[in-house]
Amino acid sequence: MNKKIRTEAVDSLFDAVLSLKDREECYSFFEDLCTVNELLSLSQRFEVASMLKDHKTYLEIAEKTGASTATISRVNRSLNYGNDGYDLVFQRREEQK
């Protein structure tokens with residue numbers, strides 16, 4: 001875990017996110033917290049990660065999501081060398097099915 005982001009402010013933000021109960025509460029909170037473009041960028045990265053996990057090509061991902069190859073590459077690097085956060089979420093979502 002990157003020690004630079006481990007701050008009381010980030011802890012407080014994550015506690016706030018963890019307190020949300022459903023998708024509608026998430027919409028309310030994130031629409032207040034983020035600009036539309038920030039939220040769309042986050043969701044695009046998550047979609048890119050999901051497509052990479054499904055072994056889609058960069059070209060397929062770029063065409064479907066509009067993400068640049070630089071963004072796709074950055075997400076791919078996180079999937080391969082990151083803190084396994086994406087994998088944790090994908091596993092939990094699979095368990096919920």
Side-chain angles (χ1 to χ4, degrees):
M1 179 66 59
N2 187 336
K3 292 179 182 178
K4 291 180 181 179
I5 66 167
R6 280 196 174 265
T7 66
E8 285 184 39
V10 174
D11 284 349
S12 182
L13 172 63
F14 290 166
D15 289 343
V17 171
L18 289 169
S19 76
L20 300 171
K21 292 183 173 75
D22 57 32
R23 186 176 290 144
E24 286 306 312
E25 288 185 2
C26 287
Y27 271 104
S28 294
F29 180 70
F30 280 95
E31 284 182 53
D32 286 349
L33 180 67
C34 300
T35 66
V36 171
N37 285 338
E38 288 169 336
L39 193 51
L40 292 175
S41 291
L42 290 171
S43 65
Q44 181 188 62
R45 289 180 194 168
F46 188 71
E47 185 176 16
V48 166
S50 180
M51 292 181 75
L52 285 166
K53 193 82 170 150
D54 290 340
H55 308 290
K56 302 295 184 196
T57 67
Y58 277 35
L59 181 59
E60 291 172 306
I61 295 168
E63 286 176 351
K64 181 166 192 293
T65 66
S68 68
T69 55
T71 295
I72 299 168
S73 179
R74 194 173 318 121
V75 172
N76 193 43
R77 193 169 34 254
S78 291
L79 281 169
N80 291 316
Y81 305 107
N83 294 305
D84 298 324
Y86 282 119
D87 289 333
L88 177 65
V89 169
F90 292 142
Q91 179 183 347
R92 296 245 172 98
R93 291 184 70 185
E94 196 60 36
E95 290 169 359
Q96 292 174 345
K97 289 183 180 179

query = Any idea which heavy atoms bring Tyr58 and Thr69 closest together, and the distance?
reply = CE2-O, 4.2 Å
request  = Start with the C-alpha distance between Thr71 and Thr65, add both sets of side-chain angles, then the distance that settles side-chain contact (heavy atoms from CB on, under 4.5 Å), and finish with yes or no.
outcome  = CA-CA 11 Å; Thr71 295; Thr65 66; over 6 Å; no
inquiry  = As a quick check of understanding, evaluate side-chain contact (heavy atoms from CB on, under 4.5 Å) for Gln91 and Glu94, giving each step before the final call.
reply    = CA-CA 5 Å; Gln91 179 183 347; Glu94 196 60 36; 5.7 Å; no
key: Same apolar cluster: Tyr27 and Leu20, side chain cutoff 4.5 Å   = no
inquiry  = Looking at Glu95, I'd like to know if its CD atom is crowded, meaning that more than 12 non-hydrogen atoms belonging to other residues, nucleotides or ligands lie closer than 6.0 Å.
reply    = yes
query = Linking I/L/V/M/F/W/Y whenever any side-chain heavy atoms sit under 4.5 Å apart, do Val89 and Val48 land together?
reply = yes
message = Take a 6.0 Å sphere around CZ of Phe29 and say whether it holds more than 12 heavy atoms from other residues, nucleotides or ligands.
response = yes
ask   = How close do Leu52 and Ile72 get, heavy atom to heavy atom, and via which atoms?
value = CD1-O, 3.8 Å
inquiry  = Let me check something: do Leu39 and Val17 share a hydrophobic cluster, defined by ILVMFWY side-chain heavy atoms less than 4.5 Å apart, either directly or through other members?
reply    = yes
task = Start with the C-alpha distance between Val75 and Phe46, add both sets of side-chain angles, then the distance that settles side-chain contact (heavy atoms from CB on, under 4.5 Å), and finish with yes or no.
result = CA-CA 8 Å; Val75 172; Phe46 188 71; over 6 Å; no
ask   = Shared ILVMFWY cluster between Leu13 and Phe30, side chains joined below 4.5 angstrom?
value = yes
ask   = Going by the salt bridge (Lys or Arg N to Asp or Glu O under 4.0 Å) test, which pairs reach into residues 42-69, not counting sequence neighbours?
value = Glu47-Lys64, Lys53-Asp87
inquiry  = Using a 3.5 Å distance criterion without hydrogens, assess whether the side chain of Ser73 forms a donor-acceptor pair with backbone atoms of Ala70.
reply    = no
